[in-house]
Structure formats: structure tokens, C-alpha cells
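A short write-up of the structure that comes next.
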Amino acid sequence: MTGIPSQYYLLGNALRNAEQNHRVVSQNIANVNTPGYQTRELSFEDYMKRVKSGESNQGFIDEIPTTLVEGLVERVDGNNVDFDQQVANLKKNALLFQSWSQLLAAKMSTMRKAMTG
């Protein structure tokens with residue numbers, strides 16, 4: 001135990017998850033015209049379950065596997081990336097990242113005030 005409250009680990013992991021999700025969605029967008037490419041996703045719920053189960057390296061999950069999204073319409077070239085949906089996912093993820101970072105900053109500010117008086 002490092003003495004850092006678990007809320008900081010959870011918020012840190014939430015930020016890391018949002019960062020990794022941003023990479024996955026960006027990869028989907030980058031491959032929108034790649035024949036045969038299949039849309040991938042990262043599950044925040046699965047990620048947080050792994051964090052809570054203690055399956056982590058000093059409180060952080062190093063690598064999160066992605067899964068293929070099923071049930072999407074494929075184009076003739078075998079690609080199933082929906083550009084508009086991925087852009088919406090990117091915006092949603094950016095809002096989540098912003099929310100997590102503001103919450104973490106507020107917690108740090110509270111701790112700083114408690115230490116400095």
C-alpha cells in the first residue's frame with residue numbers, strides 16, 4: 001500500500017482507460033479505408049472490473065485487449081468502420097477524459113489545501 005487513497009488509483013485508471021480508448025478509436029478512424037479492417041473497441045466496464053479485482057501492476061492495468069465489434073454492416077471491401085460513429089465515439093471519449101481529469105484535479109486540490117492549510 002502506498003498510502004495514496006484508492007480513489008486516486010480509480011481516477012488514474014479511468015484516465016488511462018480513456019487514453020487507450022482514444023487510441024483504439026483513432027486507429028479505427030485511420031483505417032476507415034483499409035480493405036478488410038474490422039472495427040475494434042475497448043470496454044470501460046471490463047477494464048474497471050480488472051482494476052477492482054486487483055489484476056494490476058501497482059494499481060494500473062498495463063495492456064488492455066481490444067475486441068472486434070460484431071453486428072456492423074460491412075462494405076464490399078470487408079471494412080465495417082462507420083466514420084461518423086467513430087467520430088461520435090471520439091467526442092464522447094474526450095468528454096469522459098475531461099470529466100475524469102477535472103475530478104482528479106479537484107481531489108488533488110482538496111488534498112493540497114488539507115496539507116497546506
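For the single chain, residues carry numbers from 1 onward in sequence order.
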Pairs under 3.5 angstrom only: tabulate donor-acceptor contacts from the side chains of residues 81-89 to other protein residues two or more places apart or in another chain.
unit_1, atom_1, unit_2, atom_2, d
Asp82, OD1, Asp84, N, 3.2
Asp82, OD1, Gln85, N, 3.4
Gln85, NE2, Asn89, OD1, 3.1
Gln86, OE1, Asn28, ND2, 3.1

Please tabulate, for side-chain N and O atoms in residues 108-117, each donor-acceptor pair with protein atoms closer than 3.5 Å (sequence neighbours left out).
unit_1, atom_1, unit_2, atom_2, d
Thr110, OG1, Ala106, O, 2.9
Thr116, OG1, Arg112, O, 2.9

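With contacts defined as side-chain heavy-atom distances shorter than 4.5 Å, the pair Val25/Ile29 qualifies. Using a 4.5 Å cut-off on side-chain heavy atoms (C-beta onward), Leu90 and His22 make contact. Side-chain contact between Tyr37 and Gln27 is present, with at least one heavy-atom pair separated by less than 4.5 Å.
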- Message: As a quick check of understanding, evaluate side chain to side chain donor-acceptor pair (under 3.5 Å) for Asn80 and Gln38, giving each step before the final call.
- Response: CA-CA 6 Å; Asn80 69 357; Gln38 299 290 300; 3.1 Å; yes
- Begin with the C-alpha distance, continue with both residues' side-chain angles, and end with the deciding distance and a verdict on side-chain contact (heavy atoms from CB on, under 4.5 Å) for Arg40 and Thr67. CA-CA 5 Å; Arg40 298 181 191 330; Thr67 58; over 6 Å; no
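The CG atom of Leu72 lies 9.5 Å from the CD atom of Glu70; values are rounded to the nearest 0.5 Å. Atom CG of Asn93 and atom CZ of Arg23 lie 12.0 Å apart (nearest 0.5 Å). The OG atom of Ser26 lies 11.0 Å from the CG atom of Asn31; values are rounded to the nearest 0.5 Å. How far CG of Asn17 is from CG of Asn13: 8.5 Å, rounded to the nearest 0.5 Å.
Among all heavy-atom pairs drawn from Asn79 and Asp77, the shortest one is N-OD1, 3.0 Å.
Shown here is Arg75, whose CZ atom has more than 12 heavy atoms of other residues, nucleotides or ligands within 6.0 Å.
Val69 and Val24 fall into different hydrophobic clusters, where Ile, Leu, Val, Met, Phe, Trp and Tyr residues are linked whenever their side-chain heavy atoms come under 4.5 Å apart, directly or through other members. The same ILVMFWY cluster, assembled from side-chain heavy atoms under 4.5 Å apart, contains both Tyr8 and Leu103.
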